[in-house]
Asks: 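Here's a structure for you.
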Amino acid sequence: AELDGRNRVRRFEPGMRAAAQAARELEQELHGAVARGEFRLVYQPVVALADRRLTGFEALLRWDSPRLGPVGPDRFVPVAEAAGLIDEITGWVLREACATAAAWRHLGDTTMAVNVSASQLTSPDLVGCVAAALAGSGLPAGALVLEVTETALVGDPERAAACLGALRALGVRLALDDFGTGYSSLAHLRQFTVDVLKVDRSFVGAIAEGEPLPAIVRGTIDLGRTLGLEVLAEGVEHEHQARLLAEGRCDTAQGYLFARPLERCDAEALLLEQATA
Ligand code: C2E
Ligand code: CA
Ligand code: CA
Ligand code: CA
């Protein structure tokens with residue numbers, strides 16, 4: 001047992017205590033990590049399913065902590081959100097991703113997607129931050145895609161809608177990430193205007209060889225087409241999944257079958273290869 005700030009005794013299970021300790025340690029190391037240059041981005045290709053040509057990339061954050069070693073975003077992003085550090089980190093991600101995409105413009109007209117945390121859709125910072133990253137890099141707004149999850153929309157839907165509206169007014173494209181895993185996905189589609197639906201990889205993983213597309217995948221593709229949205233399948237690992245998705249007229253895909261997240265130079269080499277092919 002230990003005393004919390006209000007002198008109440010809290011009892012921790014040993015596992016909880018270890019987890020809380022690990023989160024505190026992460027948080028300590030996250031302070032100043034942007035300034036110390038500990039983050040980098042990797043870029044996962046997005047391909048058109050019809051011809052497998054590269055249409056863009058998703059920027060994914062990597063943290064090499066000198067003390068903790070490499071820590072994945074699934075672990076540190078929630079800690080950064082809780083500690084109020086996510087705005088600073090996202091600011092860096094946006095500037096870096098936009099600068100990279102701008103430097104790649106001469107190699108073709110591809111998009112760059114950046115993940116935005118749930119908490120940021122209700123913070124006043126985001127729109128200004130995006131506008132600054134675009135202006136600073138010279139990247140056309142239409143080449144930037146912001147990926148938001150449905151959980152970002154449930155807390156304060158009015159403010160989230162206002163924020164998404166302001167982002168679209170800049171000309172940025174919006175993608176609904178992990179589509180179908182959240183609460184009330186269909187209601188969100190009515191309330192929030194987006195450009196891309198990203199079919200969650202748990203549904204893509206259920207696409208089995210020699211069977212029709214699972215009803216949820218089929219339904220999401222049809223829904224997206226009806227609404228005039230791009231439908232992107234994530235987590236495509238097997239050839240039969242890509243084939244069935246293409247036959248089902250899903251537009252684009254990402255996954256280990258095509259490419260893992262790549263270091264900047266490797267992503268650029270891929271673009272160059274396609275540009276000169
Ligand atoms: P996400 O946005 O759903 O990103 C997709 C995750 O799936 C990535 O993990 C990617 O490496 C992984 N992945 C891609 N293809 C495959 C595949 O074929 N099979 C499997 N099993 N996995 C695949 P990663 O990079 O570890 O990122 C995890 C999550 O962390 C992301 O999920 C996103 O929610 C968050 N994240 C990553 N970068 C950022 C960032 O810059 N900002 C914020 N706020 N969150 C980020
Ligand atoms: Ca994403
Ligand atoms: Ca996703
Ligand atoms: Ca996810």
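First listed ligand is number 1; within each ligand, the first listed atom is number 1. Atoms considered below: every heavy atom in the structure, side chains included; atoms not considered: hydrogens, waters and symmetry mates.
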Asks: Which bit of D177 is near ligand 1, meaning a heavy atom under 4.0 Å away: side chain, backbone, both or neither?
Replies: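 Side chain only.
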
Asks: So for ligand 1, is T90 a polar contact partner (N or O within less than 3.5 Å, distance only)?
Replies: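 It does not: no N or O of T90 is found under 3.5 Å from an N or O of ligand 1.
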
Asks: Do T151 and T149 have a side chain donor and acceptor closer than 3.5 Å?
Replies: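 On atom types as modelled, these side chains qualify, holding a pair under 3.5 Å.
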
Asks: Judging by distance only, is a nitrogen or oxygen of L61 under 3.5 angstrom from one on ligand 1?
Replies: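 Indeed, backbone or side chain, L61 has an N or O that close.
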
Asks: Report the name of the N/O/S atom of E147 located nearest to the Ca ion (ligand 2).
Replies: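 Going by distance to the Ca ion (ligand 2), the closest N, O or S atom in E147 is OE1.
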
Asks: Can you find a pair of side-chain heavy atoms, one from V130 and one from L167, that are under 4.5 Å apart?
Replies: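 Contact flag for V130/L167 side chains = yes.
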
Asks: Should R201 be listed as contacting ligand 1, given a heavy-atom distance under 4.0 Å as the test?
Replies: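 Within the 4.0 Å threshold, so yes.
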
Asks: From the options D200, D74, V42, select the one whose nearest heavy atom is closest to atom 29 (C) of ligand 1.
Replies: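 It is D74 that holds the nearest heavy atom.
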
Asks: Between OG1 of T252 and CG of L232, what distance do you get to the nearest 0.5 Å?
Replies: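 Between T252 OG1 and L232 CG, I get 3.5 Å after rounding to 0.5 Å.
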
Asks: Please name the atom of D178, restricted to N, O or S, that is closest to the Ca ion (ligand 3).
Replies: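 For D178, the N/O/S atom sitting closest to the Ca ion (ligand 3) is OD1.
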
Asks: Using a 4.0 Å heavy-atom cut-off, which part of E58 comes near ligand 1: side chain, backbone, both, or neither?
Replies: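 Just the side chain.
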
Asks: Which distance, rounded to the nearest 0.5 Å, do you find between the CZ of R95 and the CG of L139?
Replies: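 Rounded to the nearest 0.5 Å, the CZ-CG separation comes to 15.0 Å.
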
Asks: Which bit of E96 gets closer than 4.0 Å to ligand 1, counting heavy atoms only: side chain, backbone, both or neither?
Replies: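 Neither part.
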
Asks: Taking R40 first and then E263, would you say they form a salt bridge - that is, a charged N and a carboxylate O separated by under 4.0 Å?
Replies: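 Looking at R40 and E263, the cut-off is met.
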
Asks: Using a heavy-atom cut-off of under 4.0 Å, does the side chain or the backbone of P261 touch ligand 1, or both, or neither?
Replies: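 Side chain only; the backbone of P261 stays clear of ligand 1.
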
Asks: Which one of R201, E234, E58 satisfies the side chain to side chain donor-acceptor pair (under 3.5 Å) criterion with Q254?
Replies: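 Looking at R201, E234, E58, the match for Q254 under the side chain to side chain donor-acceptor pair (under 3.5 Å) is E58.
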
Asks: Please verify the inter-ring angle class for F192 with H188; under 30° counts as parallel, over 60° as perpendicular, anything in between as tilted.
Replies: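 F192 and H188: tilted rings.
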
Asks: Is T149 close enough to the Ca ion (ligand 2) that one of its N, O or S atoms comes in under 3.0 Å?
Replies: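 No, T149 does not qualify, because none of its backbone or side-chain N, O or S atoms lies under 3.0 Å.
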
Asks: Does ligand 1 have any atom sitting under 4.0 Å from a heavy atom of K198?
Replies: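 K198 does not count as a contact of ligand 1 under the 4.0 Å cut-off.
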
Asks: On the 0 to 90° scale, with breaks at 30° and 60°, tag the W63-F76 ring pair as parallel, tilted or perpendicular.
Replies: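 Perpendicular.
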
Asks: When you check the gap from the basic side-chain N to the acidic O, do E27 and R75 get nearer than 4.0 Å?
Replies: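 No.
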
Asks: Remaining members of I216's ILVMFWY cluster at a side-chain heavy-atom cut-off under 4.5 Å?
Replies: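 Besides I216, the cluster holds V47, L49, V199, F203, V204, I207, L213, V217, I221, V231, V236, L244, L245, L257, F258.
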
Asks: With the threshold set at under 4.0 angstrom, would you say G72 reaches ligand 1 through any of its heavy atoms?
Replies: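 False for this residue.
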
Asks: Nearest heavy-atom pair of A118 and E81: which atoms, and what distance?
Replies: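 It is N-OE2, 3.9 Å.
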
Asks: Relative to the heavy atoms of G255, which atoms of ligand 1 are at a distance of less than 4.0 Å?
Replies: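 Selected atoms, number and element: 15 (N), 18 (O).
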
Asks: Is it the side chain, the backbone, both or neither of Q44 that has a heavy atom closer than 4.0 Å to ligand 1?
Replies: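 The side chain, only.
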
Asks: Just let me know how D178 lines up against ligand 1, side chain, backbone, both or neither, with a heavy-atom cut-off below 4.0 Å.
Replies: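 Near ligand 1, D178 shows its side chain, while the N, CA, C and O stay back.
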
Asks: If you consider just the N/O/S atoms, which atom of D177 is the closest one to the Ca ion (ligand 2)?
Replies: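 Going by distance to the Ca ion (ligand 2), the closest N, O or S atom in D177 is OD2.
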
Asks: Purely on distance, is any nitrogen or oxygen of R62 under 3.5 Å from one on ligand 1?
Replies: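 Yes; the residue has a nitrogen or oxygen that sits under 3.5 Å from a nitrogen or oxygen of the ligand.
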
Asks: For the Ca ion (ligand 2), find the closest N/O/S atom belonging to E58 and write down its atom name.
Replies: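 The nearest such atom is OE2.
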
Asks: Hey, what's the ring geometry for F57 with W104, parallel, tilted or perpendicular (30° and 60° as the breaks)?
Replies: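 The rings of F57 and W104 sit tilted, inter-plane angle from 30° to 60°.
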
Asks: Considering only heavy atoms of E237, which atoms of ligand 1 have at least one such atom less than 4.0 Å away?
Replies: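 Result: 17 (C), 18 (O), 19 (N), 20 (C), 21 (N).
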
